[in-house]
Amino acid sequence: MATCVMDAKRPTGEMGSLAKTLAVESLCQAIVCQWTDLAQRPEPVVIATSGGSDSVGLALAAARVRSKQCRNPLVIAHFNHRWRGAQSDADADWVAQFADSLGLACQIGTANSGDQTSEENARNQRYRFLQQVADRWGARYVATAHTRDDVVETVLMRLLRGTGLRGLCGIPVRRQLSSDVTLVRPLLSVSKSKIETALREIGQDWRIDSSNATQQFTRNWLRNGLLPQIRERLPHDVDEAIGNLSRQAAEWSDWHAVLAVELANRHATLTIDQNGQRVQVDTKGLLDESVAGAPIPSVLVREVARAIWQQAGWPLQAMGQVQWLQVEAAFRAQHLPAQELPGGIRISRESERCMLAGP
């Protein structure tokens, strides 16, 4: 984040001005609709804040909601990845001042030199930091400022790379960081432009990451090049259309997931011994199932496999479409030599059953 939209030295937002703008009130309402616990639960809440417009808007609106309810404070959490040297340090200083201007606690984390070898490693380290902040403050929720723009970009990226129905679901509103802490994204229905309009109305500045302008990264090319052309070319609201597709995909995916868990419970048996976790799958019984009078579809067989992985606590990140197709083929095979899947999961065939063994 190289420059500040207004004043690079000090944040200018004031809580008293928030009530005077309809744009900010609308932002507050959008957040509460997705996250009723923000106003209802007394525990501290951690707000991940990079200093960009999205996270600044989230922090301001969340502070407004909490102040109305006289609840315990928010905690601003910023992780300095140190990718841009002095610019990254300036972002961290700015966020600390921003939190101070709101009267909020602030926790700054800093990456160790040489740890940021990839975007995935950086993301993992950032979420570990957010988990640590939540644990330190006894927070049940960590909020991030992903917006409707992020959903659109994510769905398009997955579509262009090749994805199944689950990939079209975009970004979930919630996911578990741990057994005690939930990650929530209350701005997924709100556009970045709406947030920036609200901030301008109250004179609140934010930081701009200069690296977002480079076309070196595919996501930046999509955001700054391809998407603007699509929006200009087509007469309808492209973002809304993609958002509708994502929501419908999520509804179908949720229904598949519920049915898959029922089938997994019926046809898979999990045991734990000195060798680890083992799952025995009655593949004949599973494949003899019918849905609405028709044979069980392939997509549902793969969803059952995914449900088994989740119940066993095996890693899902490395299991892509190719791997799930491999598992389905194993379920349907008459004979199968032992194979190893990502995460050290071994699959083999015994008569009319498949055996899965964890690492």
Side-chain angles (χ1 to χ4, degrees), residues 119-120 123-124 146 148-176 183 185 188-189 217-219 221-223 226-227 230 238-268 279 281 283 286-287 289-292 294-333 336 339-347 354 356 358:
E119 289 189 26
E120 181 179 0
R123 181 172 56 253
N124 291 338
H146 293 88
R148 186 177 76 163
D149 300 63
D150 293 304
V151 173
V152 170
E153 293 166 13
T154 298
V155 170
L156 278 181
M157 284 284 289
R158 292 175 179 173
L159 184 63
L160 294 175
R161 287 173 174 171
T163 187
L165 180 64
R166 185 176 294 277
L168 294 179
C169 297
I171 304 173
V173 175
R174 298 173 183 235
R175 75 171 178 88
Q176 290 301 122
L183 180 72
R185 304 177 178 101
L188 290 181
S189 63
F217 303 108
T218 303
R219 195 177 190 101
W221 164 78
L222 188 146
R223 176 188 299 139
L226 182 60
L227 261 173
I230 294 175
V238 171
D239 293 51
E240 183 64 23
I242 295 175
N244 287 336
L245 172 64
S246 179
R247 285 187 290 272
Q248 291 178 38
E251 291 173 357
W252 277 102
S253 183
D254 289 346
W255 177 75
H256 283 161
V258 170
L259 186 53
V261 168
E262 293 179 358
L263 291 171
N265 290 338
R266 195 179 304 163
H267 299 290
V279 178
V281 184
T283 52
L286 173 63
L287 297 175
E289 289 277 1
S290 63
V291 178
I296 184 171
S298 291
V299 65
L300 190 51
V301 174
R302 296 193 293 273
E303 282 296 316
V304 170
R306 185 182 181 89
I308 291 171
W309 252 249
Q310 289 177 316
Q311 291 175 358
W314 294 336
L316 290 168
Q317 290 82 354
M319 292 290 291
Q321 184 75 354
V322 171
Q323 287 73 36
W324 294 124
L325 287 169
Q326 184 179 350
V327 175
E328 182 196 356
F331 283 3
R332 295 184 182 278
L336 179 75
Q339 302 177 10
E340 185 162 323
L341 296 162
I345 310 302
R346 298 178 302 281
I347 186 169
C354 261
L356 296 160

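The first residue of the sequence shown is numbered 1, and numbering continues consecutively from there. Because only heavy atoms are used, hydrogens play no part in the values below, and waters and symmetry mates are left out as well, while side chains stay in.
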For R302 and V299, run side chain to side chain contact (heavy atoms under 4.5 Å, CB included): C-alpha distance rounded to whole Å, both residues' side-chain angles, the deciding distance at 0.1 Å, then the answer. CA-CA 5 Å; R302 296 193 293 273; V299 65; 3.9 Å; yes
For [X] versus [Y], what's the shortest heavy-atom pair and its separation?
X	Y	answer
C354	A330	SG-O, 3.4 Å
A318	P342	CB-CB, 3.5 Å
L336	Q339	CD1-NE2, 3.0 Å
A307	A264	CB-CB, 4.1 Å
V155	G170	CG2-CA, 3.8 Å
V327	A305	CG1-CB, 3.7 Å

Residue pairs passing the ring pair (Phe, Tyr, Trp, His ring centres under 6.0 Å) test where at least one lies in residues 299-318, sequence neighbours excluded: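 Qualifying pairs: W309-W314, W309-W324.
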Any side-chain heavy atom of [X] sitting closer than 4.5 Å to one from [Y]?
X	Y	answer
L165	H256	yes
R247	N244	yes
R332	V301	yes

Nearest-0.5 Å distance that lies between atom [atom1] in [X] and atom [atom2] in [Y]:
X	Y	atom1	atom2	result
L159	L245	CG	CG	8.0 Å
E289	L300	CD	CG	9.0 Å
E153	I242	CD	CD1	10.0 Å
I230	L156	CD1	CG	6.0 Å
Q321	T163	CD	OG1	7.5 Å
S298	E303	OG	CD	12.0 Å

Just by distance, do the side chain of [X] and the backbone of [Y] share a donor-acceptor pair under 3.5 Å?
X	Y	value
Q323	G320	yes
S290	P295	no
R158	G167	yes
T154	D150	yes

The test is side chain to side chain contact (heavy atoms under 4.5 Å, CB included); show your working for N265 and Q311 and say whether it passes. CA-CA 9 Å; N265 290 338; Q311 291 175 358; 3.1 Å; yes
Which of these passes side chain to side chain contact (heavy atoms under 4.5 Å, CB included) with R148: D239, L188, I171? D239
Mind running side chain to side chain contact (heavy atoms under 4.5 Å, CB included) on L325 and E328 for me, showing each step along the way? CA-CA 5 Å; L325 287 169; E328 182 196 356; 3.9 Å; yes
Test log, rule side chain to side chain contact (heavy atoms under 4.5 Å, CB included), inputs L222 and M157: CA-CA 8 Å; L222 188 146; M157 284 284 289; 3.9 Å; yes
For W252 and W255, take the angle between the two ring planes, folded into 0 to 90°, and tell me which bin it lands in: parallel under 30, tilted 30 to 60, perpendicular over 60. perpendicular
Residue set satisfying salt bridge (charged side-chain N to carboxylate O under 4.0 Å, His left out) with R306, at least two apart, ordered chain then number -> none
